[in-house]
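Quick notes on the structure that follows.
Because the structure is a prediction, the values reported are computed rather than measured. Starting from 1, each residue takes its place in the sequence as its number.
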Amino acid sequence: EEDLLNDVCMEVVERWSDSQVVDAKEEKEDEVQAIASMMEKQARIVVKPKEVSQEEKQRKAALLAQYANVTDEEEYPFPAPLGSVVSPYPTPALFRNTNVEDVLNARKLERELLRDEFQKKKEQDKLQREKDKLAKQERKEKEKKRTQKGERKR
């Protein structure tokens with residue numbers, strides 16, 4: 001019976017190992033199949049092109065044409081340097097760039113505010129000096145009166 005038992009055990013181990021090999025092959029085939037199906041799905045996805053209206057096309061063409069006409073001789077956005085020739089027919093701009101003007105105005109306003117603050121501080125300092133001068137003079141007068149009292153008592 002021991003020989004039979006060993007044979008049965010060997011047969012069970014062989015069949016188990018065979019089934020493991022078959023399962024591994026099936027798993028690999030399943031993975032390959034899953035990858036293939038994902039690739040097919042991706043291939044089927046088609047991006048629809050965006051439809052642009054005629055009005056948007058015209059607007060875009062007008063903008064591009066305007067920027068294509070900008071030259072070095074154009075006065076916008078800065079005035080032409082002295083001695084340069086400015087075209088008598090500048091191309092119309094859709095908008096005016098006011099960044100430089102805004103920055104200059106902001107700096108000018110800031111300088112004016114600082115100037116006003118300095119003037120106020122100057123006036124306050126002047127008033128304070130006058131007060132200090134008066135206080136010093138009063139102290140001197142009090143000291144003088146005290147010393148005069150002390151001399152009278154002697």
Side chain proximity check, K142 to R146, heavy atoms < 4.5 angstrom: no
Rounded distance (nearest 0.5 Å) linking atom NZ of K131 with atom CD of Q128: 6.0 Å
Spatial distance of atom CD (Q119) from atom CD (Q124) [nearest 0.5 Å]: 11.0 Å
Value rounded to 0.5 Å, distance of OG in S53 from CD in Q58: 8.5 Å
Nearest-0.5 Å distance, CD of residue E138 to CG of residue L134: 6.5 Å
Residue from E143, K145, K149 passing side-chain contact (heavy atoms from CB on, under 4.5 Å) with T147: E143
Residues R15, E11: salt bridge by 4.0 Å N-O rule: yes
Residue that, paired with Q137, satisfies side-chain contact (heavy atoms from CB on, under 4.5 Å) out of R139, K140, K133, E141: E141
Rounded distance [0.5 Å steps], CD in E123 versus NZ in K120: 9.0 Å
Counting only pairs under 3.5 Å, give me each side-chain donor-acceptor contact of residues 101-116, with atom names and distances, residues two or more places apart or in other chains.
residue : atom : partner : partner atom : Å
E101    : OE1  : R96     : NH2          : 3.4
E101    : OE2  : R96     : NH2          : 2.5
D102    : OD2  : T98     : OG1          : 3.4
N105    : ND2  : E101    : O            : 3.3

Other residues, nucleotides, ligands: >12 heavy atoms within 6.0 Å of Q33 CD: no
Ionic contact status for E56 with K60, cut-off 4.0 Å: no
